[in-house]
Amino acid sequence: MATPSFSTATLPVLIHLLRGASDLASVAATHAKLFKAGIASTLASSNHLLAAYCRCGAMTSARGLFDGMQDPDVVFWTTLMSGYAASGRSREALSLLRAMELSGVQPNVVTLSTAASAYGKAGRVEDARAVFDGMDAPARNAVSWGAMLAAYTQNALGNEAIQLFAELRTNGRGLAPNQFMLSSVVSACAGVARLGIGKCVHGAALRLGQGNDEVIAVALVDMYSKCGCYEYSRKVFDRIDHPSLIPYTSIIVSAAKYGHGRWALALFSEMVDQGVQPNDVTLLGVLHACSHSGLVDTGLQLLRSMQSKYGIAPCPSHYTCAVDMLGRAGRLEEAFELAMEAQVEGNEALLLWNSLLSACRTHKRLDLATLAGQRVLEFNQDVASGLVLMSNAYASVGQTGNADAVRSGMRRRGIRKDPGCSWIEVKDTPYVFYAGAISCAGARTDEVLTLLDELECKMRERGYKGRLGRARVSDGHEDDGDEGKGVMVGVHSEILALGFGLLVLPKGMTIRVMKNLRMCCDCHEAFKLISVIVEREFVVRDLNRFHHFQMGSCSCSDYW
DNA sequence: TTAGGGTTAG
């Protein structure tokens with residue numbers, strides 16, 4: 001039996017050991033020592049032990065310790081709850097909140113912030129907001145606000161995050177935005193491509209002395225990249241001292257999206273030279289860079305050597321990227337063989353075979369398209385895009401009867417794709433356009449249409465043979481889904497957004513258009529020509545990448 | 001005196 005003087009002297013030492021422990025073995029060893037000293041069940045020991053078990057993800061041991069506690073206090077409950085949340089077990093975390101209230105222990109601001117965060121991670125944003133709203137305004141602190149902002153951002157609710165950030169400035173009782181809130185809001189701006197707000201938040205971060213925070217910098221790199229400003233993205237990156245894995249990955253992914261394949265590869269070798277180990281996301285970024293720049297053999301070498309060189313085995317997304325890369329380059333037999341070799345299942349298989357199907361359509365290979373199409377239907381979680389591609393594949397080889405049959409089958413079965421839309425930001429407000437529907441331009445609708453007509457005339461004088469985005473879907477047009485309904489459709493959404501932008505944005509300003517689908521070839525040609533006629537630069541973000549149009553050419557060199 | 005919030009891909 002230990003003497004009291006032994007235990008008082010030992011406790012701080014053992015607690016110090018627990019605080020530094022990050023693996024189960026050392027926590028268990030310290031637990032044994034505490035037990036031997038007869039001080040394992042003191043309040044201080046229990047709290048530290050529970051936190052230590054949670055920190056190393058040993059939730060079974062944590063739960064055992066918790067269940068052995070008589071009358072756990074609010075801290076004890078909260079520690080266990082955050083342990084579950086951190087191990088990705090949000091549901092268990094949340095059921096603890098109810099159990100705790102039933103046992104008569106009142107949650108405090110830390111408990112509620114933990115719960116809001118767990119609700120966010122479980123995708124239950126409305127519940128998170130209810131918890132946030134349920135807190136007394138004076139009780140809300142920087143962590144509560146940060147948790148709620150993160151919940152919105154992580155669930156792709158960028159505009160709600162931006163709105164909440166604005167509320168912080170008005171109702172936040174003078175609470176200054178910290179690095180957690182700023183990085184979440186910048187990331188929110190990236191998700192919804194709100195460049196204007198993103199720039200304001202960047203300015204705020206600099207004024208608040210957060211300019212050197214690496215996490216904010218990464219969010220900014222990503223935000224500028226997703227808003228079509230690669231140069232800014234690069235500038236922010238260049239100011240980061242000794243960038244670690246995530247900044248390097250972020251800038252490589254940016255370079256990839258803009259078709260700067262060689263830069264991406266140079267950044268990758270720089271990163272490896274600096275001793276920064278890549279992860280699976282980095283390698284996917286490098287593969288994307290190879291794909292978007294036509295560096296097919298370099299990309300294949302990377303795929304084949306990533307296991308031996310970097311210890312990372314290719315996963316379904318690497319295979320999908322490589323299949324896409326071969327497909328773009330017209331190397332369809334190799335793409336098909338690689339797709340077979342990948343042995344992917346479920347939703348990931350759908351993405352892989354969809355990608356091959358898309359390439360078969362582009363290169364008019366109905367034989368392989370049929371094989372890929374069968375695979376797509378086999379993994380039919382989301383059949384819509386596969387069917388649209390299949391229909392377009394038939395149309396591209398002139399089998400319009402089959403193409404129409406697929407389309408009408410979709411209509412009969414009520415299968416729809418997300419409607420195509422494009423949007424543009426004017427004075428920090430986004431304007432969304434759908435194909436053939438220009439109502440968003442409001443009172444300026446007629447002006448936009450007149451402008452587009454004038455442009456089309458000037459384009460014809462320069463030999464333009466397209467139809468300014470007015471196309472029949474079954475023409476073998478891009479996979480527009482509901483942008484048309486198999487009949488003559490209106491002007492494509494990106495053309496409408498461009499027309500509106502030309503009318504309302506100051507002369508000389510680059511026009512940035514975002515689109516939720518891939519850009520079609522006809523619109524791509526139109527943007528190139530219009531950039532000469534009006535002498536302006538345009539940036540279009542489509543589903544996959546960016547196109548920067550300048551004086552009649554595009555940064556993708558027509559390879560995408 | 002122990003518990004809470006952020007960034008990269010698809």
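Numbered from 1 within each chain, the chains take letters A, B, ... in sequence-line order.
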[N] [atom2] sits how many Å from [X] [atom1], rounded?
| X | N | atom1 | atom2 | result |
| --- | --- | --- | --- | --- |
| A/Ile15 | B/dA3 | CD1 | P | 11 Å |
| A/His292 | B/dA9 | NE2 | C1' | 12 Å |
| A/Trp145 | B/dG5 | CH2 | C1' | 14 Å |
| A/Leu283 | B/dT8 | CG | C1' | 13 Å |
| A/Met181 | B/dT7 | CE | P | 14 Å |
| A/Phe66 | B/dA3 | CZ | P | 15 Å |
| A/Ile312 | B/dA9 | CD1 | P | 16 Å |
| A/Met59 | B/dA3 | CE | P | 14 Å |

With sequence neighbours excluded, residues passing side-chain hydrogen bond (donor to acceptor under 3.5 Å, both in side chains) with A/Glu101: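 A/Glu101: no side-chain hydrogen bond (donor to acceptor under 3.5 Å, both in side chains) contacts found.
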A/Asn212: side-chain hydrogen bond (donor to acceptor under 3.5 Å, both in side chains) partners, not counting sequence neighbours: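 If we apply the side-chain hydrogen bond (donor to acceptor under 3.5 Å, both in side chains) test to A/Asn212, skipping adjacent residues, there are no hits.
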Check whether the side chains of [X] and [Y] place a donor and an acceptor atom closer than 3.5 Å, and report yes or no.
| X | Y | answer |
| --- | --- | --- |
| A/Ser291 | A/Arg328 | yes |
| A/Ser233 | A/Ser225 | no |
| A/Thr78 | A/Thr114 | no |
| A/Tyr248 | A/Glu270 | yes |

Would you jot down, in residue-number order, the residues of [range] having a non-hydrogen atom under 4.0 Å from DNA chain B?
| range | answer |
| --- | --- |
| residues 84-94 of chain A | none |
| residues 201-229 of chain A | A/Asp213, A/Val215, A/Ile216, A/Val218, A/Asp222, A/Lys226 |
| residues 240-256 of chain A | A/Ile246, A/Thr249, A/Val253 |
| residues 117-129 of chain A | A/Ser117, A/Lys121 |
| residues 108-115 of chain A | A/Asn108, A/Val109, A/Val110, A/Ser113, A/Thr114 |

Donor-acceptor pair present, A/Ser184 side chain and B/dG6 base, under 3.5 Å: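 Checked by distance alone, the answer is no.
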side-chain contact (heavy atoms from CB on, under 4.5 Å) against [X], all qualifying residues, sequence neighbours excluded:
| X | result |
| --- | --- |
| A/Ala359 | A/Leu332 |
| A/Asp23 | A/Ala25, A/Ser26 |
| A/Ser144 | A/Val109, A/Ser113, A/Phe132, A/Met135, A/Arg140, A/Asn141 |
| A/Arg169 | A/Phe165, A/Pro177 |

Parallel, tilted or perpendicular, as decided by the 30° and 60° cut-offs, for the rings of A/Phe66 and A/Phe76: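 Parallel, since the angle between the ring planes stays under 30°.
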Pairing residues for A/Asp133 by the salt bridge (charged side-chain N to carboxylate O under 4.0 Å, His left out) criterion, not counting sequence neighbours: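 A/Asp133 satisfies salt bridge (charged side-chain N to carboxylate O under 4.0 Å, His left out) with A/Arg129 once adjacent residues are dropped.
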Intermediate values then yes/no, ring pair (Phe, Tyr, Trp, His ring centres under 6.0 Å), A/His548 and A/Tyr230: CA-CA 10 Å; A/His548 189 155; A/Tyr230 179 77; over 10 Å; no
Please work out if [X] contacts a base, only the sugar-phosphate, or nothing of the nucleic acid, heavy-atom cut-off 4.0 Å.
| X | value |
| --- | --- |
| A/Ala151 | nothing |
| A/Arg19 | sugar-phosphate |
| A/Asn141 | base |
| A/Asn178 | base |

Carboxylate-amine/guanidinium contact A/Glu345 A/Arg375, below 4.0 Å: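 Salt bridge: no.
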Short side-chain N/O contact to [N] OP1/OP2 from [X], under 4.0 Å:
| X | N | answer |
| --- | --- | --- |
| A/Gln154 | B/dG5 | no |
| A/His288 | B/dG10 | yes |
| A/Ser187 | B/dT8 | yes |

From CA spacing to verdict: side-chain hydrogen bond (donor to acceptor under 3.5 Å, both in side chains), A/Ser244, A/Glu214: CA-CA 9 Å; A/Ser244 60; A/Glu214 193 190 81; 2.8 Å; yes
Aromatic-base stack, A/Phe180 on B/dG6, cutoff 5.5 Å, angle under 30: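 Base of B/dG6: not stacked against A/Phe180.
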Ring centres under 6.0 angstrom apart (A/Tyr224, A/His202):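 Yes, close enough.
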Between A/His31 and A/Tyr53, ring centroids under 6.0 Å: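 That pair passes the under 6.0 Å test.
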Criterion ring pair (Phe, Tyr, Trp, His ring centres under 6.0 Å) on A/Phe336 and A/Trp353, from CA distance to verdict: CA-CA 9 Å; A/Phe336 187 77; A/Trp353 290 103; 5.8 Å; yes
Side chain of [X] - closest among [options]:
| X | options | value |
| --- | --- | --- |
| A/Ser144 | B/dG4, B/dG10, B/dT1 | B/dG4 |
| A/Leu284 | B/dG5, B/dG10, B/dT1 | B/dG10 |
| A/Ala150 | B/dG5, B/dG10, B/dT1 | B/dG5 |

